[in-house]
Q: 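Quick one: this structure, given as structure tokens, is what I'll be asking you about.
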Amino acid sequence: CQQLTGIAFLVQALQQKLAINAETEAARARQISGLLKEAVAQARNLSHGLYPVDPQPDGLMVGLREMAANIRAIFNIDCAFGCPKPVMIPDNSVATHLYRIAQEAVQNAIRHGKASRITIELAGLGPNGVRLSVADNGVGFATASEGDRKPGMGMRTMTHRAQVIGATVAIRPQAGGGTRIVCELPAAKMTTRSNARKK
């Protein structure tokens with residue numbers, strides 16, 4: 001990203017010089033400058049996708065807030081993030097798994113649930129535990145009368161990620177329609193992982 005940004009600045013400077021005497025070349029330089037800016041944006045999005053949570057205790061809160069803002073901008077739907085009190089997670093691996101669970105739940109709500117409103121909530125659970133929930137106003141999951149269907153890939157992925165960090169995932173129907181996916185990580189599991197990393 002830094003190299004691309006540096007090249008973009010050089011091209012922009014060249015464009016300004018060419019604009020004086022060589023309009024055709026200046027137009028081409030403007031085009032190159034625009035392409036470089038797009039490449040920088042794409043590279044930053046890719047790097048953020050690989051590491052969506054900053055390695056800071058408040059990284060998950062920041063990441064989920066940005067996720068909600070991106071969903072609003074990209075899909076033009078109501079997506080809000082709520083966190084009544086700061087939730088600090090020192091283990092970046094745990095924070096990243098929780099972020100990916102929320103990301104999958106949001107994508108399911110949009111893609112399968114056809115939701116127009118999504119709420120992402122992060123809260124403390126006991127002394128040091130964490131509760132993450134994603135609620136939507138979509139069509140909900142299939143009922144028993146619609147046949148016993150195996151969980152989709154998204155639900156299996158969320159369950160696997162939860163198991164890796166010692167958490168649980170549950171699907172709950174919303175009053176009035178929609179679905180709430182709740183992931184809970186008990187304080188004991190968080191403490192165990194922190195102690196293991198210190199050793």
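FYI, side chains are in, hydrogens and waters are out, and symmetry mates aren't considered; it's all heavy atoms of this structure.
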Q: Can you measure from CD1 (Ile181) to CZ (Arg172) and round to the nearest 0.5 angstrom?
A: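 Here the interatomic distance stands at 11.0 Å.
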Q: If the condition is side-chain hydrogen bond (donor to acceptor under 3.5 Å, both in side chains), which residues does Gln174 pass it with, not counting sequence neighbours?
A: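 Result, side-chain hydrogen bond (donor to acceptor under 3.5 Å, both in side chains) vs Gln174: Arg180.
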Q: Check side chain to side chain contact (heavy atoms under 4.5 Å, CB included) between Thr119 and all other residues, then give those that pass, not counting sequence neighbours.
A: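 Once residues adjacent in sequence are excluded, the partners of Thr119 under the side chain to side chain contact (heavy atoms under 4.5 Å, CB included) criterion are Glu121.
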Q: State which residues pass side chain to side chain contact (heavy atoms under 4.5 Å, CB included) with Ala95; sequence neighbours excluded, sorted by chain then number.
A: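 Checked Ala95 against side chain to side chain contact (heavy atoms under 4.5 Å, CB included); matches are Val53, Leu60, Ile89.
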Q: Please round to the nearest 0.5 Å and tell me the distance separating atom CG of Leu98 and atom CD of Gln103.
A: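 Interatomic distance, Leu98 CG to Gln103 CD, rounded to 0.5 Å: 12.5 Å.
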Q: With a 4.5 Å cut-off on side-chain heavy-atom distances among I, L, V, M, F, W and Y, is there a chain of contacts connecting Ile165 to Leu125?
A: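 No; Leu125 is not reachable from Ile165 via cluster members.
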Q: Compare all side-chain heavy atoms of Phe81 with those of Leu122 and state whether any distance is below 4.5 angstrom.
A: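 A side-chain contact exists here, since the closest heavy-atom pair is under 4.5 Å.
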Q: Answer with yes or no whether the hydrophobic clustering places Ile120 together with Val62; edges join I, L, V, M, F, W, Y residues whose side-chain heavy atoms lie under 4.5 Å apart.
A: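 No, it is not one cluster - the side chains of Ile120 and Val62 are not joined through contacts under 4.5 Å.
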Q: What residues form a side chain to side chain contact (heavy atoms under 4.5 Å, CB included) with Pro86, not counting sequence neighbours?
A: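 Side chain to side chain contact (heavy atoms under 4.5 Å, CB included) list for Pro86, sorted by chain: Met61, Met88.
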Q: Enumerate, atom names and distances included, each donor-acceptor pair closer than 3.5 Å involving a side-chain atom of residues 110-118, sequence neighbours excluded.
A:
residue: Arg111; atom: NH2; partner: Asn108; partner atom: OD1; Å: 3.3
residue: Lys114; atom: NZ; partner: Arg111; partner atom: O; Å: 3.1
residue: Ser116; atom: OG; partner: Asn137; partner atom: ND2; Å: 2.9

Q: Ignoring hydrogens, what is the shortest heavy-atom contact between Cys83 and Val87? Give both atom names and the distance.
A: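 What the structure gives for the nearest pair is SG-CG2, 3.9 Å.
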Q: Give the minimum heavy-atom separation between Ala109 and Asp136, together with the two atoms involved.
A: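 Nearest pair, atom of Ala109 first, then Asp136: CB-OD2, 3.5 Å.
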Q: For Arg72 and Cys79, work out which heavy atoms get closest and say how close.
A: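 Answer, listing the atom of Arg72 first, then Cys79: NH1-O, 2.6 Å.
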Q: Donor-acceptor pairs under 3.5 angstrom involving side-chain atoms of residues 157-164: please list them, not counting sequence neighbours.
A:
residue: Thr157; atom: OG1; partner: Met153; partner atom: O; Å: 2.8
residue: Thr159; atom: OG1; partner: Met155; partner atom: O; Å: 2.9
residue: Arg161; atom: NH1; partner: His97; partner atom: ND1; Å: 3.0

Q: Are Val134 and Ile77 in one and the same hydrophobic cluster, where Ile, Leu, Val, Met, Phe, Trp and Tyr link if side-chain heavy atoms are under 4.5 Å apart?
A: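 Same cluster: Val134 reaches Ile77 through Ile, Leu, Val, Met, Phe, Trp or Tyr contacts under 4.5 Å.
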Q: Do you know which two heavy atoms are closest between Ala102 and Leu132, and how far apart they sit?
A: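 Heavy-atom minimum between the residues: CB-CD2, 3.9 Å.
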Q: So if you build clusters from Ile, Leu, Val, Met, Phe, Trp, Tyr with side-chain heavy-atom gaps below 4.5 Å, do Val182 and Val130 land together?
A: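 No, because Val182 and Val130 fall into different hydrophobic clusters, even though each may have its own neighbours under 4.5 Å.
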